[in-house]
Amino acid sequence: MSLLFILALSGTDNPESAAGWGILGLLYAVPFSIVATVKSFAKAKPEANVHDQLLKLNELREKNIISEEEFTKKKEILFANYQ
């Protein structure tokens, strides 16, 4: 964005204004990119709620949707990913 301001205003008679607008664009772009990066990381890694996932697994086991062996394997994977 700062490059856009610099290029757009570089043909003017006042190069200091182009540099000033470039700096203003940079001051906008840096916090914006930090916020965008943080938001993308937050979306990529869902909040791990082991308790709820364990309850769901147990419910599947009680309904005989998954076997005891599958429950144990999934529980171990869940705990391994939690640590």
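What you see below is based on every heavy atom in this structure, not just the backbone, and it leaves out hydrogens, waters and symmetry mates. Model, not experiment: these values are computed from the prediction.
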State the [atom1]-[atom2] distance between [X] and [Y], to the nearest 0.5 angstrom.
| X | Y | atom1 | atom2 | result |
| --- | --- | --- | --- | --- |
| K56 | I66 | NZ | CD1 | 13.0 Å |
| R61 | K74 | CZ | NZ | 13.5 Å |
| K75 | K73 | NZ | NZ | 14.0 Å |
| L57 | T72 | CG | OG1 | 10.0 Å |
| L54 | F71 | CG | CZ | 5.0 Å |

>> Please determine whether side chain to side chain donor-acceptor pair (under 3.5 Å) holds for the pair N58 and E62, giving the CA-CA distance in whole Å, both sets of side-chain angles, and the decisive distance to 0.1 Å.
In response: CA-CA 6 Å; N58 189 41; E62 288 175 351; 3.3 Å; yes
> Are L55 and L78 joined in one hydrophobic group, where the rule is that I, L, V, M, F, W and Y side chains link up if heavy atoms are under 4.5 Å apart?
Replying inline: no
> For L27 and P31, which heavy atoms make the closest approach, and how far apart are they?
Replying inline: O-CD, 2.9 Å
